[in-house]
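Shown next, in structure tokens, is the structure this report addresses.
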Amino acid sequence: MIRIFNIHDPICATCEYWIEKDKNIGFQNKKMFIEYGHVQGKCLSENNTLRNPHERICRNYKRWHMLPEK
């Protein structure tokens, strides 16, 4: 199942440290969003702990470099 998140939300899904193998940028009606295939990803800044993509930013948040600036 593909899940969709706003690219401007400061959440795990938009963080460079949040790794999920199916993480990608998608388009729908000329709007960009983040799509991913799994419920959880690993956070590299927190010793590879599992995180949900909608979790709010932490002190180590670093915006995913492929995303456009807000």
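Below, all heavy atoms of this structure are taken into account, side chains as well, without hydrogens, waters or symmetry copies. This chain uses plain numbering: 1 for the first residue, then up along the sequence.
The two residues I25 and E35 come nearest to each other via the heavy atoms O-OE2, 4.4 Å. Smallest separation of non-hydrogen atoms from I4 and Q28: CD1-OE1, 4.2 Å. Between F27 and F33, the shortest heavy-atom contact is C-CE2, 3.3 Å. What you find for A13 and W18 is that their closest heavy atoms are CA-CE3, 3.7 Å. Nearest heavy-atom pair, E46 versus N60, reported as atom, atom and distance to 0.1 Å: OE2-ND2, 3.0 Å.
I19 forms part of a hydrophobic cluster together with Y17, L44, judged by ILVMFWY side-chain heavy-atom separations under 4.5 Å.
Remark: the backbone N or O of H8 is paired with a side-chain donor or acceptor of N6 at under 3.5 angstrom. Judged purely by atom type and a 3.5 angstrom limit, K23 has no side-chain atom pairing as donor or acceptor with the backbone of G41.
In this structure, a donor-acceptor pair under 3.5 Å is present between the side chains of T14 and Y61.
Taken together through direct or relayed side-chain contacts under 4.5 Å among Ile, Leu, Val, Met, Phe, Trp and Tyr, I34 and M32 form part of one hydrophobic cluster.
Note that NZ of K62 is 4.5 Å distant from CD of E16, once rounded to the nearest 0.5 Å.
Taking the side chain to side chain contact (heavy atoms under 4.5 Å, CB included) definition, one finds that D22 meets it with E20, H38, sequence neighbours left out. Remark: E55 engages C12, R51, N52 in a side chain to side chain contact (heavy atoms under 4.5 Å, CB included) (not counting sequence neighbours).
Side-chain atoms of K42 and L50, non-hydrogen and from C-beta on, do get closer than 4.5 Å to each other.
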